[in-house]
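Along the sequence shown, residues carry numbers from 1.
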Amino acid sequence: MEVLYFAWVRDRVGTAREHVNPPDTVTTVGELALWLATQSKEHAEAFRDSEVLRAAVNHEHVSFAHPIATGDEVAFFPPMTGG
């Protein structure tokens, strides 16, 4: 599974993209975020307040309850502001 990070999420994790193999018990975007937070102190910092994060699966904005599957591309990013 490919995970993409944008803006301050990328800065905190320290990379823009990584390939991960979460356990089979990780079946939603929210569970993926919780699992990622256990992978390093940088991930923990990035996902410390995951309620403010947004997510997309295969380029479609989704909620954290959205299911994920092997081969998905999951992106995490902060809320966007416009002006």
### Query
Got H61 and F77 here, is their nearest side-chain heavy-atom distance under 4.5 Å?
yes

### Query
Among pairs that include at least one residue of residues 10-53, which meet ring pair (Phe, Tyr, Trp, His ring centres under 6.0 Å), considering only residues two or more places apart or in two chains?
F47-F76

### Message
Could you measure the distance from the OG1 atom of T70 to the CE atom of M1? Nearest 0.5 Å is fine.
### Response
6.0 Å

### Message
Any heavy-atom pair between the side chains of W8 and L53 that's under 4.5 Å?
### Response
yes

### Message
Whether the side chain of N58 engages the backbone of D72 through a donor-acceptor N/O pair (distance < 3.5 Å, no angle test) should be reported.
### Response
no

#### Entry: V52 versus P79, closest heavy-atom pair with distance
O-CD, 2.9 Å

### Query
Are V26 and V62 linked, directly or through other ILVMFWY residues, by side chains that come within less than 4.5 angstrom of each other?
yes

### Exercise: identify the closest heavy-atom pair between E51 and R54
O-NH1, 3.8 Å

### Message
Are T27 and P67 packed together at the side-chain level, in the sense that at least one heavy-atom pair is separated by less than 4.5 angstrom?
### Response
no

### Task
Consider only side-chain heavy atoms of I, L, V, M, F, W and Y, link residues closer than 4.5 Å, and tell whether V74 and F64 are in one cluster.
yes

### Query
If you round to the nearest 0.5 Å, how far is OH of Y5 from CD of E18?
3.5 Å

### Query
Between T25 and E31, is any pair of side-chain heavy atoms under 4.5 Å apart?
no

### Query
How long is the span from the CD atom in E42 to the OG1 atom in T15, to the nearest 0.5 Å?
11.5 Å

